[in-house]
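Note on naming: letters A, B, ... go to the chains in the order of the sequence lines (proteins, then strands), and numbering restarts at 1 for each one. For the numbers below, each heavy atom of this structure counts, side chains included, while hydrogens, waters and symmetry mates do not.
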Amino acid sequence: MCDADPLSPTSPEMHHHISDSKNHPCNIFSFMHKFPNDPATKVNLFAAFSTY
Amino acid sequence: MNLDQYSEEHDFTDEDRNAVRIVDNHIYASKILRVNYTTYDVRRDRDTMNPRTHCDVMVLSDEDDPDAHPYWYARVLGVFHACILHMGPRAVNRSIQRIEFLWVRWFGTKPNYNAGFQEARLPMIGFLPESDPLAFGFLDPSLVIRGCHLMPVFKNGRTSEFLGATTTAARQIGEVDDWVNFYVNMYDFPTTFAICH
């Protein structure tokens with residue numbers, strides 16, 4: 001999925017660091033359809049976002 | 001809207017779900033997750049994890065039972081960020097927000113199995129079965145303590161009972177089953193376990 005995704009140096013004060021890159025977009029609907037009948041993709045993404 | 005950390009005890013209504021919009025219906029995958037943590041001798045160290053290889057993390061357990069294992073473990077299937085809009089009456093912040101999240105497959109601890117230094121046994125875990133609604137989920141990366149090293153319990157063999165699908169995003173390409181159990185290598189971070197026992 002991500003062949004090249006360089007991550008800039010991480011400051012030690014940060015708890016974690018994830019790239020800001022938008023080089024690897026995933027359309028959420030086609031992603032779910034890519035793996036039909038896969039329990040791993042039957043997770044409620046919108047419910048997860050409501051916790052933030 | 002602020003909820004407790006794992007939210008599995010909260011039932012979201014359709015109205016709650018409809019209040020969240022993902023900008024452009026796109027989420028963005030990342031290759032690397034770096035987690036900084038403080039070691040037992042008060043130094044800063046770092047784990048760099050890549051979901052394309054086995055990428056396992058540990059978080060604090062949310063269980064109240066004092067005899068419960070202090071940590072939960074998860075395999076990270078993907079590292080993502082997205083821009084979202086939270087609308088509706090319960091929204092606290094109505095501007096576009098960038099959020100980060102991990103797509104994970106949860107492990108469970110083996111029932112009636114005591115581990116630790118006194119018992120001279122490593123913690124033993126296994127994937128939650130697909131019938132468990134909590135087998136797969138999303139995790140806030142700020143809750144990750146650090147990465148962890150898991151070792152297959154070879155004598156218990158492999159199984160497809162936890163996840164019957166042969167084509168799944170939850171496994172590496174070519175894998176069709178899972179190890180029944182894993183040991184958690186607590187000798188990577190003995191003080192972390194000693195403090196909790």
Side-chain angles (χ1 to χ4, degrees), chain A, chain B residues 1-7 10 12 16-20 22 24-37 44 46 48 50-52 77-82 84 86 90 97-101 103 105 130-131 135-142 144 163-165 167-171:
Chain A
M1 182 192 296
C2 308
D3 296 323
D5 182 24
L7 187 60
S8 57
T10 301
S11 165
E13 287 80 31
M14 300 171 70
H15 172 271
H16 64 274
H17 191 189
I18 293 172
S19 170
D20 261 339
S21 168
K22 293 189 174 180
N23 290 339
H24 303 282
C26 307
N27 180 286
I28 55 174
F29 300 108
S30 57
F31 183 78
M32 290 190 290
H33 287 111
K34 185 179 177 183
F35 298 97
N37 305 315
D38 183 1
T41 59
K42 291 180 172 51
V43 194
N44 195 319
L45 188 60
F46 293 93
F49 290 161
S50 297
T51 71
Y52 286 73
Chain B
M1 181 164 65
N2 294 315
L3 300 172
D4 66 46
Q5 53 188 8
Y6 300 119
S7 80
H10 296 273
F12 293 99
D16 291 330
R17 283 184 278 271
N18 289 334
V20 178
I22 300 175
D24 296 330
N25 288 324
H26 276 85
I27 59 178
Y28 300 94
S30 298
K31 183 178 180 181
I32 291 174
L33 165 68
R34 286 202 192 117
V35 178
N36 290 324
Y37 61 95
R44 291 294 272 171
R46 170 185 300 158
T48 299
N50 182 337
R52 296 181 76 182
L77 307 179
V79 179
F80 300 98
H81 65 91
I84 65 162
H86 193 196
R90 299 173 73 186
Q97 303 176 60
R98 177 180 178 277
I99 64 164
E100 299 170 328
F101 57 99
W103 178 33
R105 185 180 182 190
E130 61 181 292
S131 57
F136 296 94
F138 298 100
L139 176 63
D140 180 354
S142 67
V144 172
L163 181 58
T167 302
T168 170
R171 295 193 185 110

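Across Pro39(A) and Phe136(B), no two heavy atoms sit closer than the pair O-CD1, 3.7 Å. Taking each heavy atom of Ala40(A) and Ala170(B) in turn, the nearest pair found is CB-CB, 3.9 Å. Taking both residues in full, the closest heavy atoms of Ile18(A) and Arg98(B) are given as O-NH2, 3.8 Å, listed atom of the first, atom of the second, then distance. Closest heavy-atom contact between Phe80(B) and Cys26(A): CE2-SG, 4.2 Å. Taking each heavy atom of Ala169(B) and Asp38(A) in turn, the nearest pair found is N-OD2, 2.7 Å. Closest heavy-atom contact between His16(A) and Leu33(B): CB-CD1, 4.3 Å.
Under the 3.5 Å distance criterion, the side-chain polar atoms of Arg34(B) are left unmatched by any main-chain donor or acceptor of Pro9(A). With hydrogens and angles disregarded, no donor-acceptor distance shorter than 3.5 Å links the side chain of Trp103(B) to the backbone of Thr41(A). Using modelled atom types, one side-chain atom of Asn36(B) and one backbone atom of Met14(A) make a donor-acceptor pair closer than 3.5 Å.
Interatomic distance, OG1 of Thr48(B) versus NE2 of His17(A), reported as 11.0 Å (0.5 Å rounding). The distance from the CZ atom of Arg44(B) to the CD atom of Glu13(A) is 8.0 Å, given to the nearest 0.5 Å.
Proximity to chain A (any heavy atom under 4.5 Å) is shown, for Arg105(B), by neither the backbone nor the side chain. Only the side chain of Val79(B) comes within contact range of chain A, judged by heavy atoms closer than 4.5 Å. Residue His81(B) touches chain A through its side chain alone, counting heavy-atom pairs closer than 4.5 Å.
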